[in-house]
Amino acid sequence: MKIAVLAGDGIGPEVTREAVRVLEALRLPDLVLMEGDVGGVATKRHGTPLPAETLEMARTCDAILFGAVGDPDCDHLDRHLRPEQAILGLRKELELFANLRPAKLFNGLEDASALRPEVASAIDLLIVRELNGDVYFGEKGIRTLPDGQRQGWDMMAYSESEVRRIAHVGFRAAQGRRGRLCSVDKANVLETSQVWRDVVTEVARDYPEVELSHMYVDNAAMQLVRNPGQFDVVVTGNLFGDILSDQASMCVGSIGLLASASLGEGSRGLYEPIHGSAPDIAGQGKANPMATILSAAMLLRHSLHLEDQASRIETAVAKALADGVRSGDLGGTMGTAAIGDAILERL
Ligand code: NAD
Ligand code: IPM
Ligand code: MN
């Protein structure tokens, strides 16, 4: 079982280190961890954010544990040299089109949520975000208009087959949960969303036991803070899913808690926290590693089919939180390594 560990930039290496300690503590036989450069670090060392060796390692391993990419020093570079291109490139090259971002309130975190405790305690949802299409991967550019000003443009598009395959992931996820799927789009304005809605409605015929609803994304953003308990599975496009999942993270207490799995048709997957490289706290040892540790649990579940080990990690994190283990983002004072220690003790 080969795992590529791509720690990346900023707090990426800090949080990834703790997740690796947790994986190693399980003493799984035949587990091989390999490290690769990715992001701003790779641009500085190799002149590209996703070096060929790293991509090759990612292609030949069973799973990828990813930290974060992003470096303010690189924000002025041509787009193809920016750290973010590494994660976008991995998702596209490996055809990891389905991004699962679960959000559930942990016991004891009722007061950490940005919502009232009675509203927050009902949260148990899964965002299924499409990851290979949308305005992220359309043609884009900056052109000069006749009057001399610059105009930036990005093409938003979804083909029927792209929508169909993510819709199936959403419906299957709902089948395994509470049987409700909410498709989020902007079909009142965007043709991209009209196709999205038509295809999701068509796919629903294969899943008569799943209750499908449609919601416009502006309303969804509002409902997510008004009554998040109404959501079971949410399926949405790349851009809307990006935004709604950061919002969902604060509904359960912190962006430092939300894990994700990026999957394709096979069992190889990429696992990463939903947060970024957090340059404002990088190098200070205070980032919350829980999202990355929970991503390692998702890796064991989805790519290595080690459900017991995955739930052991999740239980250890839940116990730590119930015992009051808190990093700064959750109003506490514990540092990254101390949080890792606390989880290892409980494991
Ligand atoms: P961010 O998620 O990095 O940080 C947002 C805020 O949340 C910051 O105040 C940060 O300190 C805090 N935060 C994030 N993770 C935390 C953690 N584990 N513990 C405690 N606090 C945490 O988003 P941003 O500031 O908008 O972006 C910074 C860089 O990260 C940018 O270059 C962006 O492109 C990149 N980014 C990368 C990924 C990825 O690699 N998948 C995801 C998001 C953003
Ligand atoms: C995420 C990030 C990425 C995205 C960026 C870094 C490209 O925000 O994983 O949520 O927008 O998908
Ligand atoms: Mn994001």
Side-chain angles (χ1 to χ4, degrees), residues 6-19 38-43 49-50 64-77 79-92 96-101 103 112 114 127 129-137 140 154 236-250 252-262 270-295 317 325-340:
L6 310 180
D9 305 315
I11 62 169
E14 302 170 39
V15 292
T16 307
R17 191 175 303 129
E18 301 309 317
V38 77
V41 142
T43 299
L50 182 55
I64 302 151
L65 181 66
F66 192 92
V69 289
D71 179 347
D73 289 351
C74 297
D75 286 347
H76 65 281
L77 297 177
R79 194 156 293 280
H80 72 282
L81 293 175
R82 301 228 196 137
E84 290 82 356
Q85 294 305 308
I87 185 63
L88 296 175
L90 283 166
R91 291 168 181 172
K92 193 74 173 174
L96 304 171
F97 65 87
N99 188 211
L100 312 184
R101 298 187 159 188
I127 296 177
R129 171 191 177 196
E130 200 288 330
L131 218 49
N132 278 183
D134 203 351
V135 70
Y136 273 63
F137 292 98
K140 58 184 75 216
D154 302 83
T236 190
N238 207 343
L239 182 64
F240 300 155
D242 179 43
I243 298 167
L244 292 177
S245 53
D246 267 35
Q247 189 178 334
S249 75
M250 263 324 290
V252 295
S254 168
I255 193 162
L257 292 173
L258 248 64
S260 87
S262 302
L270 182 151
Y271 302 83
E272 58 170 334
I274 78 152
H275 63 70
S277 57
D280 55 335
I281 57 165
Q284 300 173 31
K286 58 184 188 193
N288 186 350
M290 287 177 169
T292 315
I293 292 170
L294 292 167
S295 299
V317 172
V325 167
R326 299 274 187 283
S327 43
D329 53 313
L330 292 171
T333 55
M334 291 172 66
T336 311
I339 301 279

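When reading the values below, keep in mind they use all heavy atoms of this one structure, side chains included, and skip hydrogens, waters and symmetry mates. Whatever order the structure lists ligands and atoms in, that order sets their numbers, starting from 1. Computed from a prediction, not measured in an experiment: that's the story for all the values here.
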Asks: Which ligand 1 atoms are under 4.0 Å away from a heavy-atom of G70?
Replies: 32 (O)

Asks: Looking at ligand 1, does any of its N/O atoms fall within less than 3.5 Å of an N/O of A278?
Replies: yes

Asks: Is atom 1 (P) of ligand 1 in close reach of the protein, with a heavy atom under 4.0 Å away?
Replies: yes

Asks: Check if A291 has a non-hydrogen atom at a distance under 4.0 Å from any atom of ligand 1.
Replies: no

Asks: Can you tell if the side chain of M290 reaches within under 4.5 Å of the side chain of V325, non-hydrogen atoms only?
Replies: yes

Asks: Considering only non-hydrogen protein atoms, determine which one is nearest to atom 10 (O) of ligand 2 and report residue, atom name and distance to 0.1 Å.
Replies: D242 OD1, 2.9 Å

Asks: Quick one: does atom 38 (C) of ligand 1 have a protein heavy atom under 4.0 Å from it?
Replies: yes

Asks: Minimum heavy-atom separation for V69 and P83, please, with both atom names.
Replies: CG2-O, 3.5 Å

Asks: Start with the C-alpha gap between E18 and T336, add the side-chain angles, then the distance that decides, and say whether side-chain contact (heavy atoms from CB on, under 4.5 Å) holds.
Replies: CA-CA 8 Å; E18 301 309 317; T336 311; 3.8 Å; yes

Asks: Answer with yes or no whether R129 contacts ligand 2, where contact means a heavy atom under 4.0 Å from a ligand atom.
Replies: yes

Asks: Which residue holds the protein heavy atom closest to atom 27 (O) of ligand 1, what is that atom called, and what is the gap in Å?
Replies: P279 CD, 4.7 Å

Asks: Considering I274, L257, L88, N288 one by one, which has a heavy atom nearer to atom 17 (C) of ligand 1 than any of the others?
Replies: N288

Asks: So is there a nitrogen or oxygen of N238 less than 3.5 Å from a nitrogen or oxygen in ligand 2?
Replies: no

Asks: Which residue owns the protein heavy atom closest to atom 12 (C) of ligand 1, what's the atom, and how far is it?
Replies: I255 CG2, 4.2 Å

Asks: Let me check something: any side-chain donor-acceptor pairs from residues 239-249 under 3.5 Å, sequence neighbours excluded? List them with distances.
Replies:
from : atom 1 : to   : atom 2 : distance (Å)
D242 : OD2    : Y136 : OH     : 3.1
S245 : OG     : R101 : NH1    : 2.8
S245 : OG     : G241 : O      : 2.7
S245 : OG     : D242 : O      : 3.1
Q247 : NE2    : A221 : O      : 2.8
S249 : OG     : D246 : O      : 2.6

Asks: How close does the nearest protein non-hydrogen atom get to atom 34 (O) of ligand 1, and which residue and atom is it?
Replies: E84 OE2, 2.5 Å

Asks: Side chains of F66 and V38: closer than 4.5 Å at any heavy-atom pair?
Replies: yes

Asks: Would you mind listing which atoms of ligand 1 come within a distance below 4.0 Å of any non-hydrogen atom of G276?
Replies: 1 (P), 2 (O), 3 (O), 30 (O), 36 (N), 37 (C), 38 (C), 42 (C), 43 (C), 44 (C)

Asks: Testing the basics here: between D71 and D73, what is the closest heavy-atom pair and its distance to 0.1 Å?
Replies: OD1-N, 2.8 Å

Asks: Return the residue, atom name and 0.1 Å-rounded distance of the protein heavy atom closest to atom 29 (C) of ligand 1.
Replies: S277 OG, 3.2 Å

Asks: Taking distance alone, with N or O pairs closer than 3.5 Å, would you say E272 contacts ligand 1?
Replies: yes

Asks: Return a yes/no value for K286: is any of its N or O atoms, backbone included, closer than 3.5 angstrom to an N or O of ligand 1?
Replies: no

Asks: Determine all donor-acceptor pairs shorter than 3.5 Å in which one atom belongs to a side chain in residues 253-261; sequence neighbours excluded.
Replies:
from : atom 1 : to   : atom 2 : distance (Å)
S254 : OG     : G256 : N      : 2.8
S254 : OG     : D329 : OD2    : 2.5
S260 : OG     : N99  : ND2    : 3.4
S260 : OG     : E272 : O      : 2.9

Asks: Could you tell me which atoms of ligand 1, counted from 1 in the order shown, lie closer than 4.0 angstrom to a heavy atom of I11?
Replies: 15 (N), 16 (C), 17 (C), 18 (N)

Asks: At a non-hydrogen distance cut-off of under 4.0 Å, which region of H275 contacts ligand 1 (side chain, backbone, both, or neither)?
Replies: both

Asks: Closest heavy-atom contact between S295 and P273?
Replies: OG-N, 3.4 Å

Asks: Kindly state if atom 32 (O) of ligand 1 has a protein heavy atom within a strict 4.0 Å cut-off, that is, under 4.0 Å?
Replies: yes

Asks: Please output the side-chain donor-acceptor pairs of residues 7-17 that fall under 3.5 Å, not counting sequence neighbours, one pair per line with the distance.
Replies:
from : atom 1 : to   : atom 2 : distance (Å)
D9   : OD1    : G40  : N      : 3.1
D9   : OD1    : V41  : N      : 2.9
D9   : OD2    : G40  : N      : 2.7
D9   : OD2    : G70  : N      : 2.9
E14  : OE1    : G285 : N      : 3.4
E14  : OE2    : G283 : N      : 2.5
T16  : OG1    : G12  : O      : 2.5

Asks: Compare every heavy atom of N238 with every heavy atom of F137, then report the nearest pair and how far apart it is.
Replies: CE1-ND2, 3.8 Å

Asks: Is there a polar contact, in the sense of an N or O pair closer than 3.5 Å, between A68 and ligand 1?
Replies: no

Asks: At less than 4.0 angstrom from any non-hydrogen atom of E84, what atoms of ligand 2 do you find?
Replies: 6 (C)

Asks: Just to confirm my output: which protein heavy-atom neighbour is closest to atom 7 (C) of ligand 2, and how far is it?
Replies: L88 CD2, 3.9 Å

Asks: Sum up the protein N, O or S atoms located under 2.8 Å from the Mn ion (ligand 3).
Replies: 1

Asks: For atom 5 (C) of ligand 1, decide whether some protein heavy-atom distance is shorter than 4.0 Å.
Replies: no

Asks: Give me the nearest non-hydrogen protein atom to atom 9 (O) of ligand 2 as residue plus atom name, then the distance to 0.1 Å.
Replies: R91 NH2, 2.7 Å

Asks: Does even one non-hydrogen atom of R101 get within less than 4.0 Å of ligand 2?
Replies: yes

Asks: Below 4.0 angstrom from a heavy atom of A287, which ligand 1 atoms are there? Numbered from 1 as shown, please.
Replies: 19 (N)

Asks: Are any of the N/O atoms on D75, whether in the backbone or the side chain, positioned under 3.5 angstrom from an N/O atom of ligand 1?
Replies: no

Asks: Looking only at protein heavy atoms, which one is nearest to atom 21 (N) of ligand 1, and what is the separation?
Replies: I281 CD1, 3.6 Å

Asks: Quick one: nearest non-hydrogen protein atom to atom 11 (O) of ligand 2, plus distance?
Replies: Y136 OH, 2.5 Å

Asks: At the 4.0 Å heavy-atom cut-off, does H275 count as touching ligand 2?
Replies: no

Asks: What is the distance from atom CG of D75 to atom CZ of R79, rounded to the nearest 0.5 Å?
Replies: 9.0 Å

Asks: How close do H275 and A68 get, counting heavy atoms only, and between which atoms?
Replies: O-CB, 4.2 Å

Asks: Give, for atom OH of Y271 and atom CG of L100, the distance between the pair rounded to the nearest 0.5 Å.
Replies: 8.5 Å

Asks: Are N132 and R91 close enough, and set up right, to give a side chain to side chain donor-acceptor pair (under 3.5 Å), and what steps lead you there?
Replies: CA-CA 7 Å; N132 278 183; R91 291 168 181 172; over 6 Å; no

Asks: Below 4.5 Å, heavy atoms only, C-beta onward: do Q85 and L50 meet side chain to side chain?
Replies: no

Asks: Test your reading of the structure: does V69 have an N or O sitting under 3.5 Å from an N or O of ligand 1?
Replies: yes

Asks: Using a strict 4.0 Å cut-off to heavy atoms of D280, name the atoms of ligand 1 that fall inside it.
Replies: 8 (C), 9 (O), 10 (C), 11 (O)

Asks: Just let me know how P72 lines up against ligand 1, side chain, backbone, both or neither, with a heavy-atom cut-off below 4.0 Å.
Replies: neither

Asks: Tell me the closest heavy-atom pair linking A86 and G39, and the distance in Å.
Replies: CB-N, 3.8 Å

